[in-house]
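The shown structure was predicted, so the numbers you read here are calculated from the model rather than taken from an experiment. To find a chain, count down the sequence lines: A is the first, B the second, and so on, and within it residues start at 1.
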There are 2 protein chains.
Amino acid sequence: MAENNKLKPWQGWALFGGAMVAVFGLGLLCSSLMHRDGEVASIFNNRKVKMDKEIESRNDLFESDFPLEYETWLATADSSFNSEFCGQKKVDVLEERPDMVILWAGYAFSWDYTTPRGHMHAIDDMRETLRTFAPMTEADKQQPGTCWTCKSPDVPRLMAEVGEENFYSAPWSKWGDQVMNPIGCSDCHDPATMDLHISRPALKNAYAAMGKDITKATHQEMRSLVCAQCHVEYYFAGDKKVATFPWEKGMTLEAAEAYYDSIGFTDYTHALSKAPILKAQHPGYEMSLQGIHGQRGVSCADCHMPYKSEGGVKFSDHKVMSPLANIDRTCQVCHREDAETLRANVYERQRKCTEIRNKTEHELAVAHIEAKFAWDKGATDAEMQEALQYLRKGQWRWDYAVASHGASFHAPQEVTRLLADGLDYAHKARFAIARVLAKHGYTDAVPMPDITTKEKAQKYIGLDMAQKNADKKKFLDTVVPAWVKTAVAKGRLKAES
Amino acid sequence: MAENNKLKPWQGWALFGGAMVAVFGLGLLCSSLMHRDGEVASIFNNRKVKMDKEIESRNDLFESDFPLEYETWLATADSSFNSEFCGQKKVDVLEERPDMVILWAGYAFSWDYTTPRGHMHAIDDMRETLRTFAPMTEADKQQPGTCWTCKSPDVPRLMAEVGEENFYSAPWSKWGDQVMNPIGCSDCHDPATMDLHISRPALKNAYAAMGKDITKATHQEMRSLVCAQCHVEYYFAGDKKVATFPWEKGMTLEAAEAYYDSIGFTDYTHALSKAPILKAQHPGYEMSLQGIHGQRGVSCADCHMPYKSEGGVKFSDHKVMSPLANIDRTCQVCHREDAETLRANVYERQRKCTEIRNKTEHELAVAHIEAKFAWDKGATDAEMQEALQYLRKGQWRWDYAVASHGASFHAPQEVTRLLADGLDYAHKARFAIARVLAKHGYTDAVPMPDITTKEKAQKYIGLDMAQKNADKKKFLDTVVPAWVKTAVAKGRLKAES
């Protein structure tokens, strides 16, 4: 029996050989499952939908060749992760912070200002906001074509077709049946090579104005610069309303202010105080360069489009959103702390910024109201000059800090500095107005209107919101469906969209 | 000839064997040169100067057993590396920033305020500053014994000998011939075991008041807590002038303020504005906890006493100083950037804080002067209440931010926040004063005195600096040498010191 249990030498070798063959086969299998680099290369070299134009504005045409990127991009529709500046539903900021109605009196932001949503909503949100008016025809009062600039890959297509200046200077509604595909593939990628590319002239021009050549940017820099095409401070220059970044003197708030002052630019004259106001857009890119992550070369995509792996393929998550939704794939790539600690670090920075923001915002609102009171008491232009310049400077700092999304994390000290500086100017404005009032014999506290809700504040500055809302409803019910119908008929949009 | 060049087999083996022996010997030699752990252990177990007391106040007695630590500690005398808050020579801050004379009118800091120097200068600086007066006898006007608390290991020795309360409440000059050895070994180390220990009761009490047990602190925490015995906010509590940290409600500025308000504490009544002022000490430890390095568990010693290696022995550099002097051994232990980048990052944070600091400081100074003007115009206590409370809050924030050495790096956003908040209160104070003045019929700008130099500012607040300087010179020429003579005679100080 004992003898029989022993293997003969040839049996042992056969077993060994068999095992070797089996393990080798397993290895081949695993490798074929895990490594799909060849497949990826093959997709790029044998695309089902060949593209050779500089811009392909139809996002859906990219789906079959780039399903992972496309699916995650589609998911920007569902931005249900709620951070302060990011939510599935639009949050009515004016309702939460009625002082803002006062700050923007005389400007369309006082009518309607909601939190931004994902890229997929860009065109809907633009049509729906009261800020684009409700133009039933091209002759109606409305914004220029420039307002579409950041909303769609249809924009660079149109610019190529009609010319940049014609695109910008046309009435906004002229491009209503043209701009259909929300921010998508071709905005950042060359459709032929899928390399990152700059599709908007404003950024190229801004680089040139600084004496820099954007074609020399590294791939890592491009992973921020494609975002910087839109997430920046800009203004509409000249009669042609050309989208322009105020970077000629540098990329700080002070440099942009010096630039605007040098060309005598003002976005609007404040309806209450008559201050010449600069409205900040969203200088997220500039502010990110003021913080340690930007300074260390971390790109926007590193945190907002973190790498993801599916079926052995590594790709950038195109569901652009708050890094706090994916701490394991964002912060924790570099930082070894647990997710709750990292999240708390971000919230602490936001909380500290918000504290000063609230003060600055309120003092500015009060100052505008006091300025109006001074005008009503007979103050002269000359008397009011000092206060109005303080108001311009103060509100510019508040707006730049607040509008630069995410900056309380990207550059917490810089935001706090700007808000502190804005607060200083707001107080100085109030002090200057008090001196003017005293000259006119008024030394009591200025009576404050009730502006504790959005409705009350809008009524105080004389807005007829019922009319604006009714006009917008009519526009959305009639004009927009017609635009979409035309676009589908002309093949600018996938039929079921 | 060719045959002769060939080695015989036994010759080859002999050469090989010989080489082996030589290399083995070299290894032994290197090991003996490099590894001195045994030697270090031996020093600790066979100390030449045995110590069994809880405190050994004579620093020089540690030299023979701990030469590396002792030599580097001696080097704190030469703090020639110049950062903003650290220099070999005292920098006269009041000369550089005369507004501070105004802020501290009614308090000894308006007489004399210089930058801190290394630990070796602690006792000299304390004798020399005008703030300790010039007491020729114990009966003369002077500070309490509490002022010595942080200056010397003679202090815990004295506390053990005479009792804590007797130490604190005695006239400062009573301990002039007792407090001799500058901040040294026993302040942080148990002389018997050389373990880190807490030698001052105030920190233990503050921990107890927060419901925390300091004996549970980890070694890494102790590497900060030994510093936190002194580099904190504190006040002299009650008639006995007991050094006390205001941590009962927490370790933030707001928590300390709430504590002081709850016990009705005020450091001094401002000589111009009559505001009830809180003078911040140097809440460096508290502020470091508000920044990312502190929050990540980086200790004071990690950066201010970086590890060093000499002759194979690793030890903490006891030349406590700015980490920027040793970037290779401090920042670069964790951060992979080049030294110039790291240095620039620190300076950028300092520059941004300084910008807001300057504004806050000036507005506060102006507000004090305007308050005095209002009193002179007949303002009443009731009318001035609001402004004086704003001044208390504003100056507390400015002082806390400015006095917390290094905080513009340790916690840049928090410092900026505090200064912004202080600036807000300063403006509010000015506004409130302007309203009071208007009530009394005065609506012009308040005339400002010339306070552009330290001398002019000191003259404006009514100081006789010539007398103070003459008194101090007499004190330093006569009283201090007598103190040293007595101390040497009684063996409290090494003879040649």
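- In this structure, CG in Leu225(A) is found 8.5 Å from SG in Cys300(A), a value given to the nearest 0.5 Å.
- Ala367(A) and Ile433(A) make their closest contact through O-CD1, 3.4 Å (heavy atoms, listed as atom of the first residue, atom of the second, distance).
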Give the C-alpha distance, both sets of side-chain angles, the deciding distance and a yes or no for side-chain contact (heavy atoms from CB on, under 4.5 Å) between Leu364(A) and Ile102(A). CA-CA 9 Å; Leu364(A) 283 168; Ile102(A) 305 302; over 6 Å; no
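- When all heavy atoms of Cys303(B) and Val298(B) are compared, the closest pair comes out as SG-CG1, 3.8 Å.
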Compile the donor-acceptor pairs, distance criterion under 3.5 Å only, formed between chain B and chain A.
| unit_1 | atom_1 | unit_2 | atom_2 | d |
| --- | --- | --- | --- | --- |
| Gln290(B) | OE1 | Lys352(A) | NZ | 2.7 |
| Gln295(B) | NE2 | Glu348(A) | OE1 | 3.1 |
| Gln295(B) | NE2 | Glu348(A) | OE2 | 3.4 |
| Arg296(B) | NE | Glu337(A) | OE1 | 3.4 |
| Arg296(B) | NE | Glu337(A) | OE2 | 3.3 |
| Arg296(B) | NH1 | Asn345(A) | OD1 | 3.0 |
| Arg296(B) | NH2 | Asn345(A) | OD1 | 2.6 |
| Glu337(B) | OE1 | Arg296(A) | NE | 3.4 |
| Glu337(B) | OE2 | Arg296(A) | NE | 3.3 |
| Asn345(B) | OD1 | Arg296(A) | NH1 | 3.1 |
| Asn345(B) | OD1 | Arg296(A) | NH2 | 2.6 |
| Glu348(B) | OE1 | Gln295(A) | NE2 | 3.1 |
| Glu348(B) | OE2 | Gln295(A) | NE2 | 3.4 |
| Arg349(B) | O | Gln413(A) | NE2 | 2.9 |
| Lys352(B) | NZ | Gln290(A) | OE1 | 2.7 |
| Lys352(B) | NZ | Glu414(A) | OE1 | 2.7 |
| Glu355(B) | OE1 | Arg417(A) | NH1 | 3.0 |
| Glu355(B) | OE2 | Arg417(A) | NH1 | 2.9 |
| Lys359(B) | NZ | Asp421(A) | OD1 | 2.3 |
| Gln413(B) | NE2 | Arg349(A) | O | 2.9 |
| Glu414(B) | OE1 | Lys352(A) | NZ | 2.7 |
| Arg417(B) | NH1 | Glu355(A) | OE1 | 3.0 |
| Arg417(B) | NH1 | Glu355(A) | OE2 | 2.9 |
| Asp421(B) | OD1 | Lys359(A) | NZ | 2.3 |
| Asp424(B) | OD1 | His427(A) | NE2 | 2.5 |
| His427(B) | NE2 | Asp424(A) | OD1 | 2.5 |

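- Per-residue counts of heavy-atom pairs under 4.5 Å with chain A were compared for Ala434(B), Ala420(B), Ala438(B), Pro412(B); the largest is that of Pro412(B).
- Looking at residues two or more places apart in sequence or on another chain, you find a side chain to side chain contact (heavy atoms under 4.5 Å, CB included) between Ala401(B) and Val415(B), Leu418(B), Leu419(B).
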For Leu253(A) and Met287(A), run side-chain contact (heavy atoms from CB on, under 4.5 Å): C-alpha distance rounded to whole Å, both residues' side-chain angles, the deciding distance at 0.1 Å, then the answer. CA-CA 9 Å; Leu253(A) 172 138; Met287(A) 284 298 280; over 6 Å; no
